[in-house]
Amino acid sequence: MTKRIGSYPRVRVEGGGRGVVSQAGAVLLVETIRKTGLDSAISAALAPWRKARAVHDPGKILLDVALAAALGGDCLADVEVLRAEPAVFGPVASGPTVSRLVDTLAGSGKRALTAIHTARAEVREKVWELADGNGPAVDGQVIVDIDGVLVLAHSEKQDAAATWKKTFGHHPLVAFVDHGQAGSGEPVAALLRPGNAGSNTASDHIETTRIALAQLPKHLRRGRQTLIRTDSAGGTHAFLDWLSKPGRWLSYSVGMTITDTIHQAVLKIPKKAWTPAYDAEGTERPGAWVAEITDMPDLTTWPKGMRLIVRKERPHPGAQLRFTDLDGLRLTCFATNTKSGQLADLELRHRRRARCEDRIRNARDTGLRNLPLHDTAQNQIWLEIVSLALDLLAWMPMLALTGDTRRWEPKRLRLRLFSAAAQIITTGRRRWLRFTARWPWTDVITHAIQRLAALPNPG
């Protein structure tokens, strides 16, 4: 008779070990910071806030908190994870020092935000150059998606209010550059708003777009090569007028609410005018059609060149129809000023705006599930920290990963790459991280480090 010991092997545990680094895979993010020059840019931008004889650099402090958020942290205190491994992350400031810096930057208002934005824009342009064929603007065009996100609050934080979903918290507007099907996306704007802020407030959409455009290389900040995509919250006269203003001439693909006028126009569309819509793979989708109704409603008060395109489709089982839907078919509509291209292609391009929802979900997993501070100015700094973390989580795969691994989301990156432990060895006056050969993704880590090492050093 054998003695049962359970399903898992029994090991004895003790402290005092040496020579092992936890979260060693985060060296990928550290090397990304170094190769892109993000550390130098942020340090230079925040130099005015460095006190005389200060031990820690404000730029390094901010990046350390961003690294902690990229590794899954959701508050300032999680920087402790980095302080435990100085061999990889260097000297890390204490929690009180981090809090004092956030308070100082919050007290500086837009001056600190402008400094951080300027540094990020400078580095972003360099990263896109380093990415070469993997960059989001490799074909000379770029897509910026804008959407709102509800961030719940469980205490009386400044500007927290009842939301349109009858919850309590904040309602930021965020913008992401779409990397297409081969990649993910990177944040270019995060505008903190009270929870009761309107979804279709044109002034907020304009301000978010201004911030987002300032993050792009100069030649992409105006002109048809830059496409702004939103859901129906952006379908307002003021916002579309601003996008179409002479001298700005941005392209747009904006969802529109199905009004009674649009509904009546759809009823008049001849059956032969409907063409098959495409699925996500670009092939004809059964039960879905698109048509153009630009000449039917009165669009004289809307920007010149605006086109209205509608889609009807059989709803999936269990979907609830609206009173504006037609004969059991779901209707959607969007406006665009793109003149060329088939209707099905333009509609598919607009529908791919749904990838922004994935970016928001990833942001929630990277510090945006809640706003950890009390004051609005402090939480706006937190949003910048989250944006820096998301930048790193987008830039590292773009520069160092290939194939399917480039599309890995933050949760998978943390579980498979960043959480890997390694043995640290010092030889020949150099430090080496030695990852175990048993770890299935050791080759992914080492090959990614090699690609980063092959990039030119900043400066």
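Looking at residues two or more places apart in sequence or on another chain, you find a salt bridge (charged side-chain N to carboxylate O under 4.0 Å, His left out) between Arg407 and Asp404. Remark: Ser244 pairs with Tyr252, Pro303 by the side-chain contact (heavy atoms from CB on, under 4.5 Å) rule, at least two apart or across chains. For Arg83, the salt bridge (charged side-chain N to carboxylate O under 4.0 Å, His left out) criterion is met by Glu80, not counting sequence neighbours. Pro246 is linked by a side-chain contact (heavy atoms from CB on, under 4.5 Å) to Trp249, counting only residues two or more places apart in sequence or in another chain. For the side-chain contact (heavy atoms from CB on, under 4.5 Å) test, residues two or more places apart in sequence or in another chain that qualify with His237 are Asp241, Thr301, Trp302. Applying the ring-ring contact (aromatic ring centres under 6.0 Å, His included) criterion to Phe334, with sequence neighbours excluded, gives His350. Applying the side-chain hydrogen bond (donor to acceptor under 3.5 Å, both in side chains) criterion to Arg361, with sequence neighbours excluded, gives Asp358, Glu409. In this view, Glu313 and Arg285, Arg311 satisfy the salt bridge (charged side-chain N to carboxylate O under 4.0 Å, His left out) rule, not counting sequence neighbours. Taking the ring-ring contact (aromatic ring centres under 6.0 Å, His included) definition, one finds that His205 meets it with Phe239, sequence neighbours left out.
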request  = Test side-chain contact (heavy atoms from CB on, under 4.5 Å) on Gln181 and Arg355 and set out the steps.
outcome  = CA-CA 9 Å; Gln181 292 179 296; Arg355 284 199 284 249; 3.2 Å; yes
task = Report the C-alpha distance between Glu122 and Lys126 in whole Å, list the side-chain angles of each, state the deciding distance to 0.1 Å, and finish with yes or no for salt bridge (charged side-chain N to carboxylate O under 4.0 Å, His left out).
result = CA-CA 7 Å; Glu122 173 189 330; Lys126 180 179 179 181; over 6 Å; no
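By the neighbour-count criterion of 12 heavy atoms within 6.0 Å, atom CZ of Arg352 is densely surrounded, having more than that number from other residues, nucleotides or ligands. The neighbour count for Gln264 CD, taken as heavy atoms of other residues, nucleotides or ligands under 6.0 Å away, is above 12.
Residue pairs satisfying the side chain to side chain donor-acceptor pair (under 3.5 Å) criterion with at least one member in residues 145-160, sequence neighbours excluded, are listed as follows: Asp145-Arg229, Asp147-Arg353, Asp159-Thr376. Within the structure, the side chain to side chain donor-acceptor pair (under 3.5 Å) test picks out the following pairs touching residues 128-139 (sequence neighbours left out): Trp128-Glu186.
Checking Ile143, Leu243, Leu213 one by one against Thr226, the side-chain contact (heavy atoms from CB on, under 4.5 Å) holds for a single residue, Leu213. Exactly one of Thr402, Leu28, Thr405, Leu413 qualifies for a side-chain contact (heavy atoms from CB on, under 4.5 Å) with Pro397. That residue is Leu413.
In this structure, Arg111 forms a cation-pi arrangement with Trp49, its terminal cationic atom sitting closer than 6.0 Å to the ring centre and no more than 45° off the ring axis.
Residues Ser184 and Asp178 form no side-chain contact, since every pair of their non-hydrogen atoms from C-beta on lies 4.5 Å or further apart. A heavy-atom distance below 4.5 Å is found between the side chains of His171 and Leu150. Side-chain contact check for Val174 versus Ile360: some heavy-atom pair is nearer than 4.5 Å. Leu216 is listed as a side-chain neighbour of Val177, based on a closest heavy-atom distance under 4.5 Å. Looking at Leu76 and Pro372, their side chains never come closer than 4.5 Å, going by heavy atoms from C-beta outward. By the 4.5 Å heavy-atom criterion applied to side chains, Val151 and Pro172 are counted as neighbours. Using a 4.5 Å heavy-atom threshold, the side chains of Leu101 and Val65 count as separate.
Remark: the Glu281 side chain and the Thr283 side chain contain no N/O donor-acceptor pair separated by less than 3.5 Å. For the 3.5 Å distance criterion, the side chains of Thr336 and Arg349 qualify, holding a donor opposite an acceptor.
Atoms CD1 and CG, from Ile385 and Leu67 in turn, are 11.5 Å apart once rounded to the nearest 0.5 Å.
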For residues 386-393, run the donor-acceptor check on the side chains, cut-off 3.5 Å, and write out each pair with its distance to 0.1 Å, sequence neighbours left out.
| from | atom 1 | to | atom 2 | distance (Å) |
| --- | --- | --- | --- | --- |
| Ser387 | OG | Leu383 | O | 2.9 |
| Asp391 | OD1 | Arg124 | NH1 | 3.2 |
| Asp391 | OD2 | Arg120 | NE | 2.9 |
| Asp391 | OD2 | Arg120 | NH2 | 3.1 |

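Under a 4.0 Å N-O distance rule, the pair Asp57/Arg50 qualifies as a salt bridge.
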